[in-house]
Amino acid sequence: MLKLPFMNIEKKLSEKTIEALQSLYGAAIEKIVFEKTNPDFEGDLTLVVFNFLKISKKKPEETATEIGNFLKINVPEVADFNVIKGFLNIVIADSFWLNYFKSINGKPFINAILPADAPTVMVEYSSPNTNKPLHLGHVRNNLLGYSVSEILKAAGNKVIKTNIVNDRGIHICKSMLAWQKWGNGETPESTGIKGDHLVGKYYVEFDKHYKEEIANLVKQGKTKEDAEKQAPLMQEAQQMLFKWEAADKDTMELWGMMNSWVYKGFESTYKMLGVDFDIIYYESQTYLFGKNIIEVGLAKNILKRRADNSVYIDLTADGLDEKTLLRADGTSVYMTQDLGTAVQRAEEEHFDKLIYTVANEQDYHFKVLFLILSKLGYKWAEGLYHLSYGMVELPEGKMKSREGTVVDADELMQEMIDTAAVTSKELGKATDLSNEDAEKLYRTIGLGALKYFMLKVDPKKKMLFNPAESIDFNGNTAPFIQFNYVRIQALLRKAKDLSGFEFTDSFSSPANLLTKEKELIIKLYSFNTTLNQAAAEYSPALIANYIYDLAKEFSQYYHDVSILKEEQKDLILFRLHLSKTVGSAIKESMQLLGIDVPERM
RNA sequence: GAUUCCAUAGCUCAGCUGGAUAGAGCACAAGUUUUCUAAACUUGCGGUCAUUGGUUCGAAUCCAAUUGGGAUCACCA
């Protein structure tokens with residue numbers, strides 16, 4: 001994060017306003033908040049004075065004017081002010097904005113070097129099952145987790161990206177069993193099918209046969225519930241799971257082989273998505289964790305044992321239910337595992353915060369998890385956070401892998417890239433690029449569009465994924481933003497050929513700023529605030545909206561003002577510097593979303 | 001039944017800890033290019049912020065109730 005070389009202007013104004021209230025009315029106010037002036041009015045920052053009428057004992061207009069006068073005299077940056085009803089609009093001098101702009105010019109917005117005392121934040125995301133390929137819901141998860149990690153990093157945290165792969169359990173056995181029965185020894189190599197898709201194919205195959213069996217049993221007069229349990233296939237899968245848990249050699253070999261196919265497939269999906277991890281955990285290695293915690297909990301009398309030997313915690317006093325943590329047969333449940341892995345991570349990584357990127361279906365689970373850990377007395381439990389995000393829905397209805405309306409992640413990405421290619425060609429773009437460069441460009445645009453579409457909405461809200469709309473490259477989209485970045489790069493290239501003009505690092509300030517120029521600089525100025533807020537709220541959407549606003553403002557500026565055609569060379573230089581800095585802000589912000597920008601398109 | 005999240009323009013979404021006449025994009029209608037990349041820009045159309053009540057000088061925002069929608073509440077993960 002960039003440290004500003006001078007005091008934050010809002011802070012300074014707030015402090016001076018407190019002084020003003022003290023000296024004018026003899027009242028001590030602790031906190032003053034300035035807000036951005038409504039664009040319909042003149043000014044940059046606004047103070048609402050209604051709250052001070054009690055202490056001033058004067059009319060709103062009078063109070064605002066008195067404070068305004070005080071600020072104008074005591075704060076050099078305040079050029080002027082105006083009062084409308086109870087609103088005090090402060091005009092900040094152009095020189096302030098120009099000085100600010102000069103101070104950041106040529107410097108990165110995001111400081112790559114972390115402070116020595118940077119807090120450690122673990123971000124867990126992705127966490128796939130190894131029985132099928134990634135789908136649309138995973139895409140949101142991955143993009144969110146990655147982006148939040150980047151944002152936290154940029155805001156000065158040491159981030160450890162982690163992924164816990166759910167590589168064991170009944171679902172894997174289903175794929176394994178179906179492959180054994182109907183696979184005829186197929187492999188990714190023999191079929192040319194991506195490993196995760198091949199395994200997924202057998203998961204579907206299992207389901208198909210399983211449903212047939214259930215239907216038959218129901219016909220024979222069994223209830224649906226019984227049929228589901230008694231179907232031979234399910235029994236076989238259960239047996240396979242027992243064998244796996246007993247480390248049966250053949251089962252382990254099959255499991256290892258099929259998982260390796262899946263990992264290879266995931267690897268390429270992750271690569272395409274542009275996400276990565278620092279630590280990958282496997283549930284096969286962690287699923288027994290947590291049992292020792294049960295002992296500790298029992299000893300502390302926080303956990304209780306039932307007559308049948310199962311162990312539970314009573315959370316009814318906290319408005320939740322009783323939660324079982326150990327079955328009567330002594331085996332652990334999902335919650336037990338999560339307790340165990342959390343403790344393990346706390347001990348190994350000493351995190352200050354641990355963020356779980358998991359869909360909001362599991363809100364209750366995490367509420368319980370965090371509560372149990374804090375009851376068990378782990379201090380670090382305060383640093384646990386569930387980054388809960390809403391489901392991705394399709395226009396036809398809710399997306400569930402079981403219901404067949406899955407949008408496959410690989411297919412989706414390819415479709416976006418293909419569409420980018422088609423659209424680019426239609427518009428007659430990128431005609432002078434080599435095939436290789438063109439392919440790269442289509443990827444940048446297609447994937448950018450997908451990522452932006454998913455990240456621009458508030459994570460916690462459910463979102464509607466309309467494939468048609470996501471591929472529309474007009475409006476509030478990544479291609480629009482990328483396009484503006486490209487235009488800036490084109491300007492900078494052309495400037496080199498401009499006769500009698502040299503693009504020097506230092507430039508002289510224009511006599512006065514155009515409205516749009518000032519707005520752009522203010523927008524750049526607010527980058528840090530936006531970044532910090534996005535980090536505090538774990539919301540890439542705030543960054544996305546910020547970039548869009550910036551790009552839109554630049555687009556308007558570009559239309560209103562000619563840059564290279566300007567007669568005064570000083571102004572060309574200034575405008576180029578402004579454009580270049582806007583370009584850097586766009587590029588760096590887009591990187592926080594995991595989105596690339598092309599140099600030309 | 002309990003808990004929890006959500007409800008803003010025809011559609012998709014912004015609107016931060018309460019502030020001025022509720023904003024974008026899409027769609028629809030009209031316009032702008034001999035000029036730096038038109039994937040652009042401008043203008044118009046479009047709202048009882050689910051409903052009701054409360055707090056307040058002031059509510060889309062806070063509180064309560066109601067209605068509608070989602071999710072969760074297993075010795076599944």
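Quantities reported herein were computed from a predicted structural model and do not represent experimental measurements. Throughout, a chain's letter reflects where its sequence line sits, starting with A, and its residues are numbered from 1.
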For this session: Verify the ring-centre separation between A/Y548 and A/Y452: is it less than 6.0 angstrom?
Result: no

Expected list for residues 316-328 of chain A: side-chain donor-acceptor pairs under 3.5 angstrom, two or more places apart:
unit_1, atom_1, unit_2, atom_2, d
A/T316, OG1, A/D314, OD1, 2.6
A/T316, OG1, A/D314, OD2, 3.4
A/D318, OD2, A/K375, NZ, 3.1
A/T324, OG1, A/R306, NH1, 3.3
A/T324, OG1, A/R306, NH2, 3.3
A/R327, NH1, A/T331, OG1, 2.8
A/R327, NH1, A/S332, O, 3.1

For this session: Could you tell me which nucleotide pairs with B/A77 by Watson-Crick or G-U wobble geometry, both distances under 3.5 Å, or answer none if nothing does?
Result: none

Exercise. What is the pairing partner of B/G25, taking Watson-Crick or G-U wobble pairs with both distances under 3.5 Å in any strand?
Worked result: B/C11

Problem set entry | Pairing nucleotide - B/A2, Watson-Crick or G-U, each distance under 3.5 Å | B/U72

Exercise. What does B/C62 pair with, Watson-Crick or G-U, if both distances are under 3.5 Å?
Worked result: B/G54

Exercise. Mind checking whether A/N131 and A/K174 have side chains closer than 4.5 Å, heavy atoms only?
Worked result: no

Exercise. Do the side-chain N or O atoms of A/K494 get closer than 4.0 angstrom to the phosphate oxygens (OP1, OP2) of B/U37?
Worked result: yes

For this session: Please list, by residue number, the residues of residues 559-574 of chain A whose heavy atoms come closer than 4.0 Å to an atom of RNA chain B; answer none if no residue qualifies.
Result: A/H559, A/V561, A/S562, A/I563, A/L564, A/K565

For this session: Decide, yes or no, whether a salt bridge links A/E519 with A/K516 under the criterion of side-chain N to carboxylate O below 4.0 Å.
Result: yes

Exercise. What is the base-pairing partner of B/C41, counting Watson-Crick and G-U wobble geometry with both distances under 3.5 Å?
Worked result: B/G31

Exercise. OP1 or OP2 of B/A74 less than 4.0 angstrom from a side-chain nitrogen or oxygen of A/K323, does that happen here?
Worked result: no

For this session: May I ask you to verify if any side-chain N or O of A/Q362 is less than 4.0 angstrom from the OP1 or OP2 atom of B/U72?
Result: no

Problem set entry | Under 4.0 angstrom between A/N474 side-chain N/O and B/A40 OP1 or OP2 | yes

Problem set entry | Residues that A/Y442 engages under ring pair (Phe, Tyr, Trp, His ring centres under 6.0 Å), provided they are two or more places apart | none

